[in-house]
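FYI, the numbering just counts along the sequence from 1. FYI, side chains are in, hydrogens and waters are out, and symmetry mates aren't considered; it's all heavy atoms of this structure.
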Amino acid sequence: MTIFYRCNLCHSVLSPWDLKQTSCPYCGGSKVSPTNLTFWEKIVQIAKNLKRIRKVPGKFELQFDE
C-alpha cells in the first residue's frame with residue numbers, strides 16, 4: 001500500500017515519488033505529514049499516475065521507473 005503525504009504549507013497531496021528531496025515540489029515547504037486521501041483525491045492520483053500502473057494477471061501493480 002502506498003502512503004501519501006500532504007504539505008503543511010500549501011495542503012497539496014504528494015505521492016512518494018513526488019518527494020525526492022523531502023520537500024514539497026509545489027511550494028518548497030519542508031514540513032509534510034502522512035495523510036488519508038478522500039475519494040476524489042484517490043481518483044485524481046490514479047489519473048495522474050496512470051502511466052505507472054501496469055496490469056498483472058489478477059491484480060494491478062505500480063511501476064517505478066525513476
At what distance, to the nearest 0.5 angstrom, does OG of S15 lie from CD1 of I3? 12.5 Å

Name all pairs fulfilling the salt bridge (Lys or Arg N to Asp or Glu O under 4.0 Å) condition that reach into residues 4-16, sequence neighbours left out, sorted by first residue then second. R6-E41

Steps toward side chain to side chain contact (heavy atoms under 4.5 Å, CB included) verdict (L37, V13): CA-CA 8 Å; L37 299 180; V13 175; 3.4 Å; yes

Which residues share a side-chain contact (heavy atoms from CB on, under 4.5 Å) with S12, sequence neighbours left out: C7, C10, L14, C24, Y26

Less than 4.5 Å apart, any side-chain heavy atom of K31 and any of L9? no

Quick one: CZ on F4 to OG1 on T35, what's the gap to the nearest 0.5 Å? 10.5 Å

